[in-house]
Amino acid sequence: MFGFISRRIAMALVVMFVVALISFLLFRFVGDPVNQMVGIETTPEQREALRQRLGLNDPVLVQFFRYVLGAIQFDFGNSYQFKQPVADLIGRRLPATLELSFASAIFALMLGIPMGVYTGLNRDSWLSKMFLSVSLVGISLPTFFIGILFIFFFSVTLQWLPSFGRGEVVALGSFWDTGFLTISGLKAIILPAITLGLYQMTLIMRLIRAEMLEVMRTDHIKFARARGLPNRSVYYIHALKNTMVPVITITGLQLGSIIAFAIITETVFQWPGMGILFLQAVQNVDIPIMAAYLLLTAFIFVFINLIVDILYVVIDPRLRTERGRA
């Protein structure tokens, strides 16, 4: 297991190095940083002095390794637009995005898994057909349109839930604030969490349904029935466990996608997370924020893939046997 984890960590470091190189190239080929930081009244001498102070006249390799060293220390420089350290801007927005992603992932798993199991075991029932119809809606409609419909129905028409913002938050230490501890915060997260997690929920449901239909036809399930095991044991211990390897893969990748691509949902509901910050950075060509967002997203995907690979070995005993023989 130690050797397996070490190889995965080495591969993750290679991926992060490549992503760091790509994000560094943003500084080199997407406009001149000096032009983004000064006005038109700045003299050429002042521009040259600023380039010298920022180290832009140093060799490319020196700049790259300086950038990597700063990224390891979570130092991405200052934002061109906000004139503040990028790490502070991301640190203030990160809790909102992570809480929204966590809530949407819980929603997708808590509904997707039981709906997938039910539709796989009772594929001809009217409830299964209704679940499949709902899943078609969740896959077909774009996220922003679903969010607008939710706002119109639950916020404008019924006035049950807020249509924008994060609600009241409570500070937990100096680096984290949460809305899970307030009533307004819980109400504010319902609509964006459902909007963001609806696609993932339908994807998980359909995947588990397909895997359950296949597993229920295998010989070990027939043998379990022949032994007289109760249906609960056959369904949820023998059958469901064998469907979890592909489910873990999709769930891990989708969790990374939720965090990375929550931009649309945060924009529709004006959720004060990293998505809106990145969108503002794109509009204003704020390269330090764009590069930091790229690195942070890559790190999240790499970390989740590492956890998924470890869970493979924990869940599937065949992988442990093969690695032991190797």
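In the displayed structure, L158 atom CG is contacted under 6.0 Å by more than 12 heavy atoms of other residues, nucleotides or ligands. Atom CH2 of W176 has more than 12 neighbouring heavy atoms from other residues, nucleotides or ligands inside a 6.0 Å radius. Other residues, nucleotides and ligands place no more than 12 heavy atoms under 6.0 Å from the CZ atom of F102.
If you look at F76 and F74, their ring centroids are closer than 6.0 Å. Taking the centre of each ring, F17 and F64 come in below the 6.0 Å mark. In this structure, F269 has its ring center no closer than 6.0 Å to that of F164.
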Could you check Q200 against S104 for side chain to side chain donor-acceptor pair (under 3.5 Å), going step by step and ending with a plain yes or no? CA-CA 9 Å; Q200 282 72 27; S104 60; over 6 Å; no

Determine, stepwise, if the pair L127 / M130 fulfils side-chain contact (heavy atoms from CB on, under 4.5 Å). CA-CA 5 Å; L127 188 57; M130 186 184 72; 3.3 Å; yes

Quick one, L149 with F153, criterion side-chain contact (heavy atoms from CB on, under 4.5 Å). Give me CA distance, side-chain angles, the key distance, then yes/no. CA-CA 6 Å; L149 287 179; F153 186 73; over 6 Å; no

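Atom OG of S79 and atom CD1 of I289 lie 3.5 Å apart (nearest 0.5 Å). Here the CD1 atom belonging to I300 is positioned 11.5 Å from the CD1 atom belonging to I258, to the nearest 0.5 angstrom. Distance check: I190 CD1 to F150 CZ gives 11.5 Å after rounding to the nearest 0.5 Å. Between L98 atom CG and L94 atom CG the span is 4.0 Å, to the nearest 0.5 Å. A distance of 9.0 Å separates CD in Q280 from OG1 in T267, rounded to the nearest 0.5 Å. Rounding to the nearest 0.5 Å gives a distance of 11.5 Å between CG of L196 and CD1 of I263.
Under the 3.5 Å distance criterion, the side-chain polar atoms of T157 are matched with a main-chain donor or acceptor of F152. Checked by atom type and distance alone, the side chain of S128 pairs as donor or acceptor with a backbone atom of N122 at under 3.5 Å. Side chain of T182 to backbone of V169: no donor-acceptor contact under 3.5 angstrom is found. Listed for the W271 side chain is a donor-acceptor partner under 3.5 Å among the backbone atoms of A96. Side chain of T97 to main chain of G273: no donor-acceptor pair is present (N/O by atom type, distance under 3.5 Å, no hydrogens or angles). At least one donor-acceptor pair under 3.5 Å links the side chain of E266 to the backbone N or O of I276.
Placement of V268 and F154 within a single hydrophobic cluster is found when ILVMFWY residues are connected by side-chain heavy-atom separations under 4.5 Å, directly or transitively. Placement of I194 and M110 in two distinct hydrophobic clusters is found when ILVMFWY residues are connected by side-chain heavy-atom separations under 4.5 Å, directly or transitively. Residues L198 and M115 share a hydrophobic cluster, clusters being chains of Ile/Leu/Val/Met/Phe/Trp/Tyr side chains in contact below 4.5 Å. M16 and L296 fall within a single hydrophobic cluster, where Ile, Leu, Val, Met, Phe, Trp and Tyr side chains are chained together by heavy-atom contacts under 4.5 Å. In this structure, F180 is not a member of the same hydrophobic cluster as V170, with clusters built from ILVMFWY side-chain heavy atoms closer than 4.5 Å.
Summarising the geometry of L191 relative to P162, their closest heavy-atom pair is CD1-O, 3.8 Å, with the distance given to 0.1 Å. Of all heavy-atom pairs spanning V134 and T202, the tightest one is O-CG2, 4.3 Å. Between I189 and A103 the shortest heavy-atom distance is CD1-CB, 3.8 Å. Closest approach of L295 to A71, counting heavy atoms only: CD1-CB, 3.8 Å. Of all non-hydrogen atoms in M274 and I90, the two that sit nearest each other are SD-CG2, 3.7 Å. Among all heavy-atom pairs drawn from A188 and G167, the shortest one is CB-N, 3.9 Å.
Counting heavy atoms from C-beta outward, L181 and L172 have side chains that approach closer than 4.5 Å. Looking at heavy atoms from C-beta onward, V117 lies in side-chain contact with I208 at the 4.5 angstrom threshold. Contact annotation: the side chain of V15 never approaches that of M11 to less than 4.5 Å [non-hydrogen atoms, C-beta and beyond]. Side-chain contact check for Q270 versus P192: every heavy-atom pair is 4.5 Å or farther apart.
With sequence neighbours left out, Y199 forms a ring-ring contact (aromatic ring centres under 6.0 Å, His included) with no residue at all.
F131 and Y118 have perpendicular rings, their planes meeting at more than 60° on a 0 to 90° scale where under 30° would count as parallel.
Under a 4.0 Å N-O distance rule, the pair D177/R92 does not qualify as a salt bridge.
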